[in-house]
Amino acid sequence: MGTQREGLMAIFNRLYGFFGPQHWWPGKTPFEVCLGAILTQNTAWKNVEKCIKTLEENGLLDPARLSALSITDLALLIRPAGYYNIKARRIKSFLNLLMEDFGGDLEGLFSLGPIEARERLLSVHGIGPETADSMLLYAGNLPVFVVDAYTFRVLQRHDLIWEDATYNEVQGLFERNLDNDVKLFNEFHALFVAVGKNFCRKHKPRCKGCPLNGC
DNA sequence: TGCCAGGCCGGGT
DNA sequence: ACCCGGCATGGC
């Protein structure tokens with residue numbers, strides 16, 4: 001039988017052949033990517049776009065300027081993302097780390113490398129594994145595999161993981177078996193989101209035409 | 001119209 | 001170590 005590596009690459013190749021390159025993350029600057037990573041927690045990306053646009057129009061896509069805002073002012077600006085009170089605090093906590101420990105320079109954080117930088121991010125209240133890994137991969141260009149709800153759902157429906165698999169276990173599956181290549185990890189996660197959004201939705205999987213042979 | 005979205009935390013077993 | 005409720009807007 002095929003190796004896990006071959007199984008994973010088969011999925012990748014099918015998704016890539018179907019959807020093509022995804023050009024992720026859908027954000028321009030690394031800082032914008034980091035904000036988006038927090039704003040999109042359990043939230044549709046569409047809602048996040050409004051917030052990013054508002055922030056940009058107000059010249060606030062900048063660590064120093066954004067950290068000058070109060071939590072309540074920030075919350076008002078990110079209302080469309082939902083959970084806006086919580087997310088305003090989470091963004092504040094992230095900005096505190098960035099400003100106090102790295103002088104507002106994301107490169108200072110990422111230059112610590114994936115292990116150290118991940119630890120620092122996870123120490124921030126409101127940043128969990130997926131949010132941290134999204135920042136590391138898509139803002140920092142570090143070889144970290146991002147696992148999300150779609151990844152779990154797709155792998156489970158294809159019996160590639162147990163139902164009780166943890167984040168770290170699934171991440172390890174990819175990082176152990178694949179080349180730790182930023183470009184591959186970038187594309188792979190984006191493709192999971194693409195197939196998840198289009199075919200493997202929660203209670204009504206629209207499997208018709210799914211490139212993975214049904215969900 | 002309800003259900004769900006690219007999570008995470010805190011309190012209870 | 002799990003399990004579950006809370007957080008909230010907007011789109012399909």
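Within every chain, numbering begins at 1; the chains are lettered A, B, ... in the order of the sequence lines, protein sequences first and strands thereafter. Note that the coordinates shown come from a computational prediction; the quantities given were computed from them, not determined experimentally.
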Item to complete: Side chain of A/P80 only, please: which of C/dG10, B/dG7, B/dC9 is the nearest?
Response: C/dG10
Worksheet item: Are A/F185 and A/F174 close enough that their ring centres sit under 6.0 Å apart?
Response: no
Worksheet item: Does B/dC4 have OP1 or OP2 sitting under 4.0 Å from an N or O in the side chain of A/R153?
Response: no
Worksheet item: Distance between the C1' atoms of C/dC7 and B/dT1, in whole angstroms?
Response: 22 Å
Worksheet item: Is A/Y84 near enough to C/dT9 that one of its side-chain N or O atoms lies under 4.0 angstrom from OP1 or OP2?
Response: yes
Practice prompt. On DNA chain C, check which nucleotide each of A/N47 and A/T166 is closest to and give me the residue with the more 5' one.
Written response: A/T166
Worksheet item: Given atom CD of A/Q41 and atom P of B/dC4, what is their separation to the nearest angstrom?
Response: 20 Å
Discussion item. Under 4.0 Å between a side-chain nitrogen and a carboxylate oxygen: does that hold for A/E116 and A/R120?
Written reply: no
Discussion item. Output the rounded distance in Å from CZ (A/F152) to P (B/dG7).
Written reply: 11 Å
Worksheet item: What is the distance from CH2 of A/W45 to P of C/dG11, rounded to the nearest Å?
Response: 15 Å
Worksheet item: Looking across every strand, which nucleic acid part, if any, lies under 4.0 Å from A/D164 by heavy atom: base, sugar-phosphate, or nothing?
Response: nothing
Discussion item. What's the gap between B/dC8 and C/dG10 when it is taken at their P atoms, as a whole Å value?
Written reply: 23 Å
Worksheet item: With both distances under 3.5 angstrom, what nucleotide forms a Watson-Crick or G-U wobble pair with C/dA8?
Response: none
Worksheet entry | Whole-Å C1' distance, C/dA8 and B/dG2 | 15 Å
Worksheet item: Between A/Y83 (OH) and C/dG5 (C1'), how many Å, whole number?
Response: 11 Å
Item to complete: Between A/D148 and A/V124, name the one whose nearest nucleotide on DNA chain B is closer to the 5' end.
Response: A/D148
Discussion item. Nearest whole Å is fine: how far is B/dA5 C1' from A/K50 NZ?
Written reply: 14 Å
Practice prompt. Specify the separation, in whole Å, of atom NE2 of A/H189 and atom C1' of B/dG7.
Written response: 12 Å
Worksheet item: Under 4.0 Å between a side-chain N or O of A/T43 and OP1 or OP2 of C/dT9?
Response: no
Worksheet item: Quick one: are A/L106 and A/L98 in side-chain contact, heavy atoms under 4.5 Å?
Response: yes
Worksheet item: Is A/A149 touching bases, backbone alone, or none of the nucleic acid, heavy atoms closer than 4.0 Å?
Response: sugar-phosphate
Worksheet entry | Carboxylate-amine/guanidinium proximity below 4.0 Å for A/R153 and A/D148 | no
Fill in: Between P of B/dA5 and CD of A/E49, the distance in whole Å
17 Å
Fill in: Under 3.5 Å: donor-acceptor pair, side chain of A/T43, backbone of A/Q41
yes
Practice prompt. May I have the distance from A/K46 (atom NZ) to B/dC3 (atom P), rounded to whole angstrom?
Written response: 23 Å
